[in-house]
There are 2 protein chains.
Amino acid sequence: MHILLVEDDLQLGSAIQRALERLAYTVTWLRDGQSAIAGLADGSADLVLLDLGLPRRDGLEVLREARRQKVATPVIVMTARDSVEARVSGLDAGADDYLVKPFHLDELAARIRSVTRRHHGVAANRLEVGTISMDLATAEVSYRGERLELTRREFALLQALMERAGHIVRREALENSIYGLDTVVGRGALEVLMHSLRRKLGADAVQTVRGFGYMMPREPA
Amino acid sequence: MHILLVEDDLQLGSAIQRALERLAYTVTWLRDGQSAIAGLADGSADLVLLDLGLPRRDGLEVLREARRQKVATPVIVMTARDSVEARVSGLDAGADDYLVKPFHLDELAARIRSVTRRHHGVAANRLEVGTISMDLATAEVSYRGERLELTRREFALLQALMERAGHIVRREALENSIYGLDTVVGRGALEVLMHSLRRKLGADAVQTVRGFGYMMPREPA
DNA sequence: GGTCGTTAAGCTTTTTCGAAGCTTCGTGCG
DNA sequence: CGCACGAAGCTTCGAAAAAGCTTAACGACC
């Protein structure tokens with residue numbers, strides 16, 4: 001899951017980034033409104049965390065612009081301004097949820113889960129495919145009832161596959177989910193990662209679709 | 001739909017122009033940054049394809065200048081420089097999307113569709129012709145309700161035919177779609193590919209138009 | 001000092017392409 | 001009209017290339 005964080009405060013930005021990465025989210029951190037619009041237009045983000053007080057372009061403006069361009073990515077707006085007015089105009093501009101600074105990281109995590117759940121339509125605090133089950137709140141994964149230890153990247157990869165179980169997920173989509181926009185890795189990285197994931201889940205938990213990407217079968221083969 | 005192509009390389013420029021014209025776009029080809037700014041300001045283009053390495057004015061400069069003048073026309077930036085830096089500065093300067101050279105004609109066509117869709121708000125990642133259906137996002141193809149396994153090239157060929165279903169698609173256009181602008185293959189390759197595609201879809205899914213190319217009938221024969 | 005994540009390298013599998021011979025189509029000529 | 005011939009397309013086969021798998025090794029970060 002790829003989160004676009006738009007926040008100009010360096011200290012707060014890096015704190016949020018690290019916190020989210022510990023929760024196995026992939027975070028791309030942008031510092032101003034201009035890049036935010038570009039990053040949003042790219043369409044690879046699953047969720048945007050948007051600070052309203054930004055340099056170069058106001059956060060609200062970013063949001064309106066994105067919605068005008070029919071970008072449907074869910075947006076959670078963050079602001080220090082604790083006023084009804086700001087809240088209303090944020091939601092009016094197309095935000096999906098709202099956080100008043102300062103906030104607790106737990107609360108942020110809860111909102112993220114709630115917003116993405118709403119967007120996927122179905123309850124999604126827990127992903128289940130076959131005998132694999134993933135708890136997004138605690139980042140715990142179990143396989144045949146046994147608790148499984150996954151690394152951050154393995155978790156991100158598995159989540160991306162489980163969210164679209166039964167469908168082919170293209171290589172590039174996986175790379176975006178796992179590495180975000182700013183990291184460039186060679187094509188081997190995903191393969192090594194897939195290898196180690198398969199070692200933990202069994203070789204046929206994930207099918208290779210040569211030339212395109214991978215697929216996790218909805219029912220075990 | 002009117003596309004402004006800004007590219008100084010004569011060979012590449014004319015190849016792109018011809019390719020796009022075959023896709024029924026109207027193309028104006030400009031060769032330097034100075035004219036590009038003028039052409040953009042004119043406002044008649046629906047989309048701009050901008051090469052970053054230009055004589056007389058750098059492509060980035062063109063882009064910034066245009067945005068400064070509030071020209072809202074969507075811009076897809078093309079560059080040989082495969083670096084995060086170039087990508088970010090391109091998007092920062094106001095590009096809507098990004099292509100790294102060398103690219104495939106198909107990819108270009110996809111980006112054009114994606115960008116214009118974003119601007120007009122219409123979605124279209126599913127192609128359907130007769131009982132064949134293709135999902136461009138997941139690379140899944142079904143034929144009479146059954147899922148079909150295609151290779152990369154078969155998929156590209158089928159996509160090119162389905163996009164122009166009901167029309168004759170010239171050999172050359174197909175070769176460009178499948179192999180890109182720079183790769184040269186012998187004339188036999190397409191025939192071999194067509195053969196394997198027909199083996200999967202049935203012999204009469206695609207009609208041969210002797211001397212010109214192939215056509216996929218809009219309604220099954 | 002250990003875990004994690006990446007690149008590099010060698011190996012396996014699948015795809016792709018060219019070559020060669022065969023078939024079909026269209027045309028021109030007897 | 002019918003036949004012969006050349007060009008375009010079809011089919012098969014095998015070698016080369018590409019994609020993916022696996023292991024090893026190194027650096028970064030705890």
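Protein chains get the first letters and strands the later ones, always in sequence-line order, with residue 1 at the start of each.
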Using a strict 4.0 Å threshold on nitrogen-to-oxygen distance, state whether A:Glu154 and A:Lys200 make a salt bridge.
yes
Can a salt bridge be assigned to the pair B:Asp8 and B:Arg31 using a cut-off of 4.0 Å between side-chain N and carboxylate O?
no
Distance, rounded to the nearest Å, where B:Leu193 contributes CG and C:dT15 contributes P
12 Å
How many whole angstroms separate atom CD of B:Gln207 from atom P of D:dC10?
12 Å
Rounded distance (Å) that lies between atom P of C:dG5 and atom CD of A:Glu175:
16 Å
The complete set of ring pair (Phe, Tyr, Trp, His ring centres under 6.0 Å) pairs with one or both residues in residues 130-169 of chain A, sequence neighbours excluded, reads none
Let me see the working for B:Thr138 and B:Arg126 under side-chain hydrogen bond (donor to acceptor under 3.5 Å, both in side chains), right down to the final yes or no.
CA-CA 10 Å; B:Thr138 64; B:Arg126 167 162 235 100; over 6 Å; no
With a non-hydrogen cut-off below 4.0 angstrom, is B:Ala189 in contact with a base, only sugar-phosphate, or nothing?
sugar-phosphate
Which residues share a side chain to side chain donor-acceptor pair (under 3.5 Å) with B:Arg152, sequence neighbours left out:
none
Output one letter per nucleotide in nucleotides 11-30 of chain D: B when a protein non-hydrogen atom lies under 4.0 Å from the base, S when only the sugar-phosphate is that close, - when neither is.
BB------BBBBB-------
What is the distance, rounded to the nearest whole Å, between atom CG of B:Asp204 and atom P of D:dC10?
13 Å
If the cut-off is 4.0 Å, is B:Thr151 near the phosphate of C:dT16, judged by side-chain N/O to OP1 or OP2?
yes
Could you tell me whether B:Arg187 and B:Glu172 make a salt bridge, using a distance below 4.0 angstrom between a side-chain N and a carboxylate O?
no
Before you tell me yes or no, could you show the steps for A:Arg210 and B:Thr151 under side-chain hydrogen bond (donor to acceptor under 3.5 Å, both in side chains), namely the whole-Å CA-CA distance, both residues' side-chain angles and the distance that decides it to 0.1 Å?
CA-CA 7 Å; A:Arg210 209 161 230 270; B:Thr151 69; over 6 Å; no
Contacts of B:Arg144 that satisfy side chain to side chain contact (heavy atoms under 4.5 Å, CB included) - sequence neighbours left out:
B:Thr131
Please determine if a side-chain N or O atom of B:Tyr179 lies less than 4.0 Å away from the OP1 or OP2 oxygen of C:dT16.
no
Between atom CD in A:Glu154 and atom P in C:dT6, what is the gap in whole Å?
11 Å
If I take atom CG in residue B:Leu197 and atom C1' in nucleotide C:dT15, what distance separates them, rounded to the nearest angstrom?
15 Å
Among residues at least two apart in sequence or on other chains, which ones pass side chain to side chain donor-acceptor pair (under 3.5 Å) with B:Arg147?
none
Find the distance B:Leu174:CG to C:dC17:P and express it as a whole number of Å.
14 Å
Whole-Å gap separating C1' (C:dT14) and NZ (B:Lys200)
11 Å
Enter the inter-axis angle for the ends of the helix from C:dG1-D:dC30 to C:dG30-D:dC1 (five pairs per end, rounded to 10°).
30°
